[in-house]
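Okay, structure first, notes after.
All residue numbers in this chain count up from 1 along the given sequence.
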Amino acid sequence: MRLLAVDLHRVRLPLVRPFRTSFGEQTVREVLVVRATTDLGDGWGECAADVDPHYSPEFNDSARLVLVDHLVPRLFGAGDDLSGAAVADLLEPVKGHRMAKEALEVAVLDAELRAAGVSLAEHLGGVRDAVDVGVSVGITDNPTVLAGWVAEYLDEGYRRIKLKIEPGADIERVAAIRELTGDGFPLQVDANTAYRVTDADHLARLDDYDLLLVEQPLPEDDFVGHAELARRMQTPICLDESIESVAHVETALALGSCGIVNIKPGRVGGLLEARRIHDRCVAADLPVWCGGMLETGIGRASLVALSSLPGFTLPGDSSASDRYYATDLTEPFVLEDGRLRVPTGPGLGVEVDGEALARFTVAQDHLTPG
Ligand code: NPG
């Protein structure tokens, strides 16, 4: 396969409801959509980066720049030898920039699989037709509003609730929502690195609420702190931001830093690295689940395909399209009995709505070899 052109669309999509985490609030999702034009046909990818470098060091402008100046030229340089499986090695000389790399890998892989008539789920080794999904609920200053959102999601049939927490909006919020869900309903929390290991006694109070897990309580590089916290809490620790590679999983396993891993292909630099992490976790008996970053239908299609692998035993974060956007960039993903159906069509198995893409695009680059 040969890469003929790459288009980068910077898209601004209004969110149906504000999404606040311990690192900031979003009312609009701005993402880079990547279209790879090859001699076999086109493929699509979505970059997980955001406007600001608050979740990770990457952000949209850095992703665009590294794609234009470093990543896309390396794939043009591969001539006829390009394939989805070759992308990670071709991009390996560029350090970091995992989200930008992943978007490009998915676009190339999508083109290849569409041409071959093979779905992404089948290519990755998926074993499910539909995946259980949860919903991630942002922070709000008003506990009544929070309870209203959660009640709505429970009514819609989501199989698990994840509450964003931060210091000052944690134990009491969790207690109130646990009362609302009733005992036994899958409930978990996500701190996005907002605490320090010195908060261990405070965090251990979460043990009273029978949570599935507490996600990324401490800074991403604090594997030792997470291991200490894991010893001081009954609730399993799940790592998200800390895990960017299989090597990070090895560190977490060696130290006992977590009992569960959140896998996001963007965060780990590619779908194929995501699958390697899945395989390593399965071998080590660590449950995994698939995170989300407010994707459009393009990114959601790849997350749902990945979630169909056997080790994804906990519900993922990718919710139905209408939880995020009034208009998605593809046909909408619809909740059916708390599940999303895994696309079966070739590649990502969704069609990009050209009219919607044009309507929400605010900037564009067209890249060609030479
Ligand atoms: O439903 O896709 C979703 C959002 C799930 O909570 C979620 N994502 O920290 O995992 C996270 C958070 C996130 C959102 C991170 C946007 C980065 C950007």
Side-chain angles (χ1 to χ4, degrees), residues 43 45-49 56 58 71 74-75 78 82-110 112-113 118-128 131 215-216 220-221 223 226 237-293 295 299 301-314 316-318 342 347-348:
E46 172 174 343
C47 180
S56 84
E58 288 187 82
L71 303 180
R74 284 180 183 272
L75 299 198
L82 189 61
S83 67
V87 170
D89 284 347
L90 288 165
L91 303 183
E92 203 265 335
V94 177
K95 302 268 190 201
H97 299 281
R98 291 181 167 87
M99 294 177 176
K101 289 176 175 175
E102 187 254 356
L104 197 52
E105 181 199 67
V106 175
V108 170
L109 188 58
D110 182 38
E112 180 180 334
L113 295 177
V118 174
S119 75
L120 179 60
E122 192 185 337
H123 175 76
L124 293 173
V127 295
R128 296 185 192 95
V131 298
E215 187 178 351
Q216 198 68 45
E220 48 271 55
D221 53 0
F223 286 89
H226 280 105
I237 307 288
C238 170
L239 291 179
D240 171 10
E241 285 92 325
S242 294
I243 304 294
E244 294 182 329
S245 63
V246 175
H248 287 152
V249 175
E250 298 299 352
T251 302
L253 284 169
L255 295 174
S257 311
C258 67
I260 297 176
V261 171
N262 164 326
I263 299 183
K264 290 174 179 165
R267 195 194 65 226
V268 305
L271 269 177
L272 304 178
E273 180 71 4
R275 187 173 59 183
R276 279 191 287 275
I277 290 176
H278 161 273
D279 295 348
R280 182 66 187 98
C281 290
V282 168
D285 245 347
L286 280 190
V288 303
W289 57 283
C290 187
M293 294 192 246
E295 283 78 8
S302 66
L303 297 182
V304 169
L306 181 68
S307 306
S308 72
L309 294 185
F312 286 82
T313 51
L314 295 168
D317 262 351
S318 272
V342 180
L348 292 175

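Residues Gln216 and Ser242 bring a donor and an acceptor atom of their side chains to less than 3.5 Å of each other.
In this structure Arg280 satisfies the side-chain hydrogen bond (donor to acceptor under 3.5 Å, both in side chains) test together with Glu250, sequence neighbours excluded. Partners of Ser119 under the side-chain contact (heavy atoms from CB on, under 4.5 Å) rule, at least two apart in sequence or in another chain, are Ala121, Glu122. A search for salt bridge (charged side-chain N to carboxylate O under 4.0 Å, His left out) contacts involving Glu215 returns Lys162, not counting sequence neighbours.
Rounding to the nearest 0.5 angstrom, the gap separating the SG atom in Cys47 from the CG atom in Leu104 is 10.0 Å.
The shortest side-chain heavy-atom distance between Leu120 and Asp110 does not fall under the 4.5 Å cut-off. Between Leu71 and Leu90 the shortest side-chain heavy-atom distance does not fall below 4.5 Å.
At distances below 3.5 Å, at least one donor-acceptor pair connects side-chain atoms of Arg128 with backbone N or O atoms of Phe312. Between the side chain of Lys264 and the main chain of Glu244, no donor-acceptor pair closer than 3.5 Å is present. The main-chain N or O of Asn262 is found under 3.5 Å from a side-chain atom of Arg267 such that the two form a donor-acceptor pair.
Residues Val108 and Leu75 share a closest heavy-atom pair of CG2-CD1, 3.9 Å. Heavy atoms only, all atoms of each residue included: Cys258 and Val261 are closest at SG-CG2, 3.9 Å.
Between Phe223 and His248, the two ring planes are tilted [angle within 30° to 60°].
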